[in-house]
Protein chains: 2
Amino acid sequence: MTALHHLRANAVILSVADEQPRVMTLPGTSALPAGDLVDDQDATLELALRRLVREQAGIDLGYVEQLYTFGDQARSPTGRTISIAYLALVDAGLAPAGREAAWLDCYQLFPWEDWRSGKPEIIDQELVPALERWVGDSALRRERVDITFGLSGSPWDGARVLDRYELLYEVGLVAEKGVDSGETVAGQVGVAMVSDHRRMVATGLSRIRGKLSYRPVIFELLSETFTLHQLQRVVEALAGVRLHKPNFRRLVERGGLVEGTGVAEQKTGGRPAELFRFRREVLRERPAPGVGLPSAR
Amino acid sequence: MTALHHLRANAVILSVADEQPRVMTLPGTSALPAGDLVDDQDATLELALRRLVREQAGIDLGYVEQLYTFGDQARSPTGRTISIAYLALVDAGLAPAGREAAWLDCYQLFPWEDWRSGKPEIIDQELVPALERWVGDSALRRERVDITFGLSGSPWDGARVLDRYELLYEVGLVAEKGVDSGETVAGQVGVAMVSDHRRMVATGLSRIRGKLSYRPVIFELLSETFTLHQLQRVVEALAGVRLHKPNFRRLVERGGLVEGTGVAEQKTGGRPAELFRFRREVLRERPAPGVGLPSAR
DNA sequence: TGTCTATTACTCGATGTGAGTATTAATAAT
DNA sequence: ATTATTAATACTCACATCGAGTAATAGACA
């Protein structure tokens with residue numbers, strides 16, 4: 001009745017710095033913090049993961065949620081390895097770097113996901129041609145490609161990060177194994193990661209993009225106080241789209257998500273902005289408080 | 001590097017019959033279909049689960065998605081057991097019963113979740129008093145109870161099924177272990193299930209309630225064709241609320257989710273209703289097509 | 001012919017959303 | 001001091017959607 005399995009936990013730790021979403025890796029590698037779940041000293045899996053990250057990267061995680069459990073046979077040649085992936089969000093200000101942790105730009109992993117300066121050129125130049133070849137005259141493939149990549153009049157759905165990654169993987173455009181460095185491989189798009197770690201990051205980005213509009217997770221990535229401009233930049237970085245400033249401010253203020261502190265700060269050369277903080281009471285007032293991206297409904 | 005673990009897969013198989021959401025159990029028990037993940041004959045975990053359900057309950061699952069991985073130490077006294085739970089949706093018409101599978105009414109498990117005939121009496125009569133005692137004068141507990149159960153002016157959020165179950169578990173109102181029959185236990189609310197299976201069902205119900213409004217999952221529970229009335233009843237059963245008929249039809253028709261077949265059927269004694277079918281093209285047209293419940297935004 | 005059931009049509013106000021434009025406040029350079 | 005710069009703040013407006021209510025209609029059955 002007892003089975004032998006290789007059981008691991010992986011951490012997708014995201015933060016936003018310099019208007020770029022980034023994921024923590026172990027220094028010198030393109031691997032996520034991960035470890036075997038071997039001893040039973042932790043009461044819950046989540047606590048085991050927190051301990052693991054503390055030991056490997058030297059930080060105490062705040063927000064943590066379970067992402068997905070990966071267990072396909074193809075993942076390892078000798079027997080099945082089960083990996084339970086977790087998503088963590090950390091404030092860029094508190095995030096360590098250097099000997100303990102390195103940070104990898106998410107849009108180097110998924111260049112097609114950043115639409116902040118318009119549609120990424122890689123889509124029409126590299127992805128679409130390869131996808132079209134793969135489609136051939138299959139109606140099923142046609143529909144799938146149209147939906148996941150917003151072709152043939154379908155809208156681009158920012159939250160389908162994972163769908164797109166999985167499709168590109170099937171098509172053979174993204175590599176998963178046999179790559180230890182963070183280099184780009186010929187014939188492949190984006191920077192690869194060890195094993196299926198890039199797929200885990202895609203899962204995490206999908207999750208958080210979807211969650212942005214109905215849970216106030218964004219504040220996990222910001223300090224206690226922040227300007228509305230900073231808040232908008234962080235949302236834009238994660239969502240991968242530019243937002244209309246007046247509407248964003250209206251949404252977030254009138255929506256009761258933030259409250260001003262009265263204090264003004266910021267020495268960016270222009271007019272100092274007021275500092276805001278997350279308004280916790282919104283949780284009691286609205287069923288699904290989030291920042292609401294365009295066409296995300 | 002290799003760890004010994006007890007690894008299992010569980011299936012939360014939902015369907016709606018007679019306007020009641022129900023979950024499949026093994027006949028004579030209050031246990032979900034489940035099994036050890038021991039051999040590596042399946043390429044993916046999901047395939048392993050499908051085979052397991054086929055062997056145990058004799059049905060081939062259609063829609064399947066991974067739910068959550070449970071691995072808290074408290075689950076088993078001797079070493080950790082990891083359970084990967086999956087959610088499956090089956091058409092009530094195709095669902096088997098009898099020797100192979102039994103069906104358990106979800107609202108017997110969670111009587112407080114069915115608001116179709118108004119607020120369930122159990123909430124004010126049993127839950128709230130116990131919750132209030134548990135809160136005491138802790139502001140943290142106060143906030144949590146208010147949000148999860150819609151107290152002190154907070155709205156009731158249908159999708160928080162799991163939050164409510166977990167809170168009731170902490171408070172001691174729902175039992176998890178040592179109960180093999182489906183009977184109600186003194187001092188406890190709702191029908192218990194084996195081990196943490198009821199928690200898995202709560203997770204599944206939470207997931208599908210949340211998903212209703214942005215993914216057309218509801219059609220997995222219906223036959224190829226159906227009347228709008230049937231569709232509404234199934235949505236109401238899952239969501240646990242009554243819906244405004246004219247608005248529902250407008251939403252679902254003008255939203256492009258269904259299309260008429262021209263065929264009229266139904267011999268319920270009144271005017272025959274037109275049969276509709278799911279309109280697949282909506283997937284290409286809208287980013288997040290769903291049935292949109294009231295205040296679900 | 002009447003009754004029942006359920007479909008179908010219409011209205012109306014409140015709210016939210018996307019988009020655009022204008023104004024103001026403070027800092028830094030000249 | 002004055003001006004340019006940067007960004008915050010304020011306002012408008014059309015449009016779609018939503019919640020809620022009311023009314024009319026079509027067919028089956030007794």
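All chains are named by letter (A, B, ...) in the order of the sequence lines, taking the proteins before the strands, and each is independently numbered beginning at 1. Quick note: numbers below take in every heavy atom, side chains included, and nothing from hydrogens, waters or symmetry partners. Predicted model, so just to flag it, every value in this text is computed and none were measured.
For the pair B:Arg164 and B:Trp156, the cation-pi test (distance below 6.0 Å, angle within 45°) is passed.
In this structure, B:Leu251 places its CG atom 17 Å from C1' of C:dA9, rounding to the nearest Å. In this structure, CD of A:Glu253 is placed 17 Å from C1' of C:dT17, rounded to the nearest angstrom. One atom, CG of A:Leu293, and another, P of C:dG16, lie 17 Å apart when rounded to the nearest Å. Whole-Å rounding puts the A:Arg233 CZ to D:dT6 P distance at 13 Å. Between the CZ atom of B:Arg286 and the C1' atom of D:dA16 there is a distance of 13 Å, given to the nearest Å. Atom CZ of B:Arg254 and atom C1' of C:dT8 are 10 Å apart (whole Å). Spacing between atom CG of A:Leu231 and atom P of D:dA8 amounts to 11 Å, rounded to whole angstrom units.
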Identify every side-chain donor-acceptor pair in residues 218-225 of chain B under 3.5 Å, counting partners at least two apart or on other chains, and give the distances.
none

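Taking the side chain of A:His229 as heavy atoms from C-beta on, and the options D:dA28, D:dA7, C:dA26, the nearest nucleotide is D:dA7.
A:Arg160 and A:Ser206 share no side-chain donor-acceptor pair at under 3.5 Å. In the model, B:Asp146 has no side-chain atom that pairs as donor or acceptor with a side-chain atom of B:Ser154 under 3.5 Å.
Near DNA chain D, meaning a heavy atom under 4.0 Å from it, residues 241-250 of chain B has B:His244, B:Pro246, B:Asn247, B:Arg250 in order of number.
The CD atom of A:Gln66 lies 11.0 Å from the CG atom of A:Leu87; values are rounded to the nearest 0.5 Å.
Under the side chain to side chain contact (heavy atoms under 4.5 Å, CB included) criterion, B:Asp114 pairs with B:Tyr107, B:Arg116, sequence neighbours left out.
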